[in-house]
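The model shown is predicted, which means the values in this text are computed figures rather than measured ones. By convention in this document, chain letters (A, B, ...) are assigned in the order of the sequence lines, proteins followed by strands, and residues within each chain are numbered from 1.
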2 protein chains.
Amino acid sequence: MDATAPQSPAGLRTTPSWLLNQVATHAGRLISAGFATHDLRGYHYRLLAALTESGPASQADLGRRCGIDRSDVVAAVNDLAGRGLVVRAPDPDDRRRNVISLTEAGADEAHRMADTVVRVQDDLLAPLTSAERDQLTRLLTRLLEHHGGH
Amino acid sequence: MDATAPQSPAGLRTTPSWLLNQVATHAGRLISAGFATHDLRGYHYRLLAALTESGPASQADLGRRCGIDRSDVVAAVNDLAGRGLVVRAPDPDDRRRNVISLTEAGADEAHRMADTVVRVQDDLLAPLTSAERDQLTRLLTRLLEHHGGH
DNA sequence: CACCAACGTTGGTGAAGCCAACGTTTCGAA
DNA sequence: TTCGAAACGTTGGCTTCACCAACGTTGGTG
């Protein structure tokens with residue numbers, strides 16, 4: 001009946017995977033809110049970012065680079081193509097493939113979304129010093145790399 | 001700028017919220033796999049943990065403590081009650097409420113799941129020293145607390 | 001040539017997180 | 001004391017993200 005916000009059970013609150021999940025969930029909310037102003041979602045941004053960095057690619061390649069399933073790439077590319085942010089063209093050298101390329105509008109949108117992402121990072125990491133942010137990034141990177149070659 | 005990116009785009013790979021998401025996703029897979037051996041999922045564990053720590057509570061209370069929506073608590077409690085891990089009884093003092101209590105079997109299962117969670121943490125944090133694990137926990141805790149009072 | 005691998009596509013599954021609405025019950029204020 | 005607001009449990013639905021199986025088409029190799 002007291003109930004003045006004793007949040008999660010203590011056993012969870014000190015569990016790294018729980019902390020990870022909570023912080024990632026919060027980050028996801030911030031990111032989602034940011035992307036919503038572009039009327040796009042996470043999958044779309046990942047694809048745009050990959051295209052911006054590495055240029056045109058097949059859908060399967062994009063999926064591998066972004067960690068998105070082939071079937072999910074289809075839907076996301078449909079969305080992006082429907083908005084004219086991306087062009088889907090058959091690959092003349094391999095007729096199994098579609099080559100996905102950024103349009104000018106797509107490149108612009110990618111830039112704007114990248115700006116949004118930067119803003120969100122600052123929001124998310126506000127309580128940490130620059131050194132602490134680096135430390136967090138390094139620790140997470142090491143974890144990711146260790147489990148990366150699964 | 002270019003950077004030959006075999007894996008994820010470099011712009012993402014250095015973005016904290018992306019790293020957070022990736023590591024949390026991996027942690028989630030490990031946790032899910034662990035819970036699968038108990039034939040239960042995350043929501044169930046959270047509820048059992050809360051009940052273990054703080055004793056019987058109403059569904060709404062449990063939801064608030066675990067960060068689970070009221071409607072989702074209903075389904076999870078249904079599952080737990082169906083397995084005899086938990087008992088749902090009307091609160092005589094407030095007929096709007098159900099009081100949820102752990103059964104003996106439920107307390108046992110909670111312990112076993114907690115053991116599973118500990119094992120998963122070790123797996124997840126394998127590449128980090130004890131000091132680094134503490135550091136990670138501290139950084140994540142600070143982020144969570146900073147964003148906690150939303 | 002036959003076979004297998006890769007590709008794009010369709011359709012479906014599941015966990016997790018949310019929100020809206022309803023009937024019941026309780027509580028506080030007019 | 002009556003009336004309205006609030007809390008509760010419940011149903012049903014929605015969205016994002018992550019997977020998986022299957023199919024027909026196309027490419028490369030034995």
Side-chain angles (χ1 to χ4, degrees), chain A residues 1 3 8 17-18 20-36 39-47 57-79 81 86 88-100 150, chain B residues 8 12 17-18 20-36 38-47 57-64 66-81 86 88-100 150:
Chain A
M1 329 298 193
S8 1
S17 72
W18 163 264
L20 233 12
N21 183 40
Q22 291 299 294
V23 178
T25 297
H26 192 78
R29 271 194 283 262
L30 293 177
I31 285 277
S32 273
F35 286 172
D39 202 25
L40 290 170
R41 289 160 304 145
Y43 278 4
H44 300 130
Y45 175 64
R46 292 197 218 173
L47 295 178
S58 73
Q59 297 181 193
D61 255 38
L62 284 175
R64 277 186 293 264
R65 282 215 290 261
C66 301
I68 304 179
D69 191 84
R70 299 208 306 276
S71 58
D72 296 321
V73 173
V74 175
V77 168
N78 283 344
D79 292 347
V86 131
R88 180 196 261 128
D91 185 339
D93 295 347
D94 186 341
R95 301 211 306 271
R96 292 174 300 180
R97 290 184 166 94
N98 291 333
V99 176
I100 311 301
H150 71 349
Chain B
S8 359
L12 290 184
S17 71
W18 163 264
L20 233 12
N21 183 39
Q22 291 300 294
V23 177
T25 297
H26 192 79
R29 271 194 285 261
L30 293 177
I31 284 278
S32 274
F35 286 172
H38 303 262
D39 201 27
L40 289 170
R41 290 160 304 144
Y43 278 5
H44 301 129
Y45 176 63
R46 293 197 217 172
L47 295 178
S58 73
Q59 299 181 191
D61 254 38
L62 283 175
R64 277 186 292 265
C66 300
I68 304 179
D69 191 84
R70 299 208 307 277
S71 59
D72 297 322
V73 173
V74 174
V77 168
N78 283 344
D79 293 346
L80 294 173
V86 131
R88 180 196 258 130
D91 184 340
D93 296 346
D94 185 340
R95 301 210 307 273
R96 293 173 300 180
R97 290 185 166 93
N98 290 334
V99 176
I100 311 300
H150 71 351

Residue met sooner reading DNA chain D from 5', once B:R88 and A:F35 are mapped to nucleotides: B:R88
A:I68 CD1 - D:dC17 C1' separation (whole Å): 10 Å
Measure across A:V73 and A:G63 and return the closest heavy-atom pair with its distance rounded to 0.1 Å. CG2-CA, 3.6 Å
So does B:T25 reach the base of D:dC17 with its side chain, donor to acceptor, closer than 3.5 Å? no
Check this for me: does the side-chain of A:D94 come within 3.5 Å of the base of C:dC7 through a donor and an acceptor? no
Taking 4.0 Å as the cut-off, does a side-chain nitrogen or oxygen of B:R95 come that near to OP1 or OP2 on D:dA7? no
Ignoring backbone atoms, establish whether A:R46 has a side-chain N or O less than 4.0 Å from OP1 or OP2 of D:dA18. yes
Return no unless some side-chain N or O of B:R96 is found under 4.0 Å from OP1 or OP2 of C:dT24. no
Side chains of A:L62 and A:R65: closer than 4.5 Å at any heavy-atom pair? yes
B:Y43 OH - C:dA15 C1' separation (whole Å): 8 Å
Check every strand shown and say whether A:R70 touches a base, only sugar-phosphate, or nothing at a heavy-atom separation below 4.0 Å. base
Let's test this: given Watson-Crick or G-U wobble pairing with both distances under 3.5 Å, identify the partner of D:dT26. C:dA5
Measure the CG-CZ distance between A:N78 and A:R88 for me, rounded to the nearest 0.5 Å. 4.5 Å
Can you list the steps and then say if B:L47 with B:H44 is a side-chain contact (heavy atoms from CB on, under 4.5 Å)? CA-CA 5 Å; B:L47 295 178; B:H44 301 129; 5.6 Å; no
Can you check whether any acceptor in the base of D:dC20 is under 3.5 Å from a donor in the side chain of A:S71, or vice versa? yes
Examine C:dA6: is either OP1 or OP2 under 4.0 Å from a nitrogen or oxygen in the side chain of A:Q59? Give yes or no. no
Quick one: label B:G42 by what it contacts on the DNA or RNA (base, sugar-phosphate, nothing), any heavy atom closer than 4.0 Å. sugar-phosphate
To the nearest Å, give me how far apart CG (B:L40) and P (C:dA15) are. 11 Å
Judged by each residue's nearest nucleotide on DNA chain C, which is more toward the 5′ side, B:S32 or B:D69? B:S32
Nearest to the A:A60 side chain among D:dA18, D:dA21, C:dG8, which nucleotide is it? C:dG8
Rounded to whole angstroms, how far apart are OH on B:Y45 and P on C:dA15? 19 Å
Checking A:D79 against A:V86 for the side-chain contact (heavy atoms from CB on, under 4.5 Å) test, could you report, in this order, the C-alpha distance in whole Å, the side-chain angles of both residues, the deciding distance, and whether it holds? CA-CA 9 Å; A:D79 292 347; A:V86 131; over 6 Å; no
Report yes if a side-chain nitrogen or oxygen of A:N98 is closer than 4.0 Å to either non-bridging phosphate oxygen (OP1 or OP2) of C:dT9; otherwise report no. yes
Take the protein atom CZ of B:R41 and the nucleotide atom P of D:dA18, then report the distance between them rounded to whole Å. 19 Å
Within less than 4.0 Å of OP1 or OP2 of C:dC7, is there a side-chain N or O belonging to A:R64? yes
So, does B:R97 get its side chain near the phosphate of D:dC8, meaning an N or O under 4.0 Å from OP1 or OP2? yes
With the side chain of B:V74 defined as its heavy atoms from C-beta on, choose the nearest nucleotide among D:dT11, C:dA5, D:dA7. D:dT11
Interatomic distance, B:D79 CG vs D:dT10 P [rounded to whole Å]: 13 Å
Euclidean distance, A:D69 CG relative to A:Y43 OH, rounded to 0.5 Å: 7.5 Å
Among D:dC17, C:dT26, C:dG17, find the nucleotide with the atom closest to the side chain of A:N21. C:dG17
How many whole angstroms separate atom CG of B:D93 from atom C1' of C:dT24? 17 Å
Could you tell me the separation between the CG atom of B:D39 and the P atom of C:dA15, rounded to a whole number of Å? 10 Å
